[in-house]
Amino acid sequence: MATTDTSGRFDSTSAVAVLGSACAAAGLESEDAELLRLGENAIFRLRDSACVVRIGRNMSHWADAAKEVAVSGWLAGHGYPAAKVLGLSTAGTPIRRRTAPS
């Protein structure tokens, strides 16, 4: 998941806004998510779930995120014990969301 916040701001408030939007699009519950790390990315653990969500600071690494999702799917398909992409309707690509209206 990536933010395209037009203000350039990247903090816990903007990351939580993107998390809520992206989780809603994926049919996941973001309420009470735990912020694990805030740096170049924001990393959240969803409550009552083994799901971890990564929110990118901006779209500059979108191609890298898409490649990581594809590699994760390939590894899972070959039985390699690695992080797995959830089986969502958006599986195969990261989820793109904005924190500010376009």
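Small disclaimer: the values here were computed from a predicted structure and weren't measured. The figures here come from the full heavy-atom set of this structure, side chains too, leaving out hydrogens, waters and symmetry mates.
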Nearest atoms (heavy-atom pairs only) where F10 meets E40: CE2-O, 4.1 Å

Over all atoms of both residues, closest heavy-atom pair of A42 and L35: CB-CD1, 4.2 Å

Set of side chain to side chain donor-acceptor pair (under 3.5 Å) partners for D11, sequence neighbours left out: S14

Could you pull out all donor-acceptor pairs under 3.5 Å where a side-chain atom in residues 22-33 meets a protein atom, sequence neighbours excluded?
residue	atom	partner	partner atom	Å
E29	OE2	E31	N	3.0
D32	OD2	R47	NH1	2.9

Note, L19 side chain near L46 side chain (heavy atom, < 4.5 Å): yes

Pairwise salt bridge (charged side-chain N to carboxylate O under 4.0 Å, His left out) hits with a residue in residues 59-76, at least two apart: R54-E68

Results of side-chain contact (heavy atoms from CB on, under 4.5 Å) for S60 - residues two or more places apart only: N58

Apart from V71 itself, residues in the same hydrophobic cluster as defined by side-chain heavy atoms under 4.5 Å: W74, L75, Y80

Remaining members of hydrophobic cluster (4.5 Å side-chain criterion), V52: L36, I43

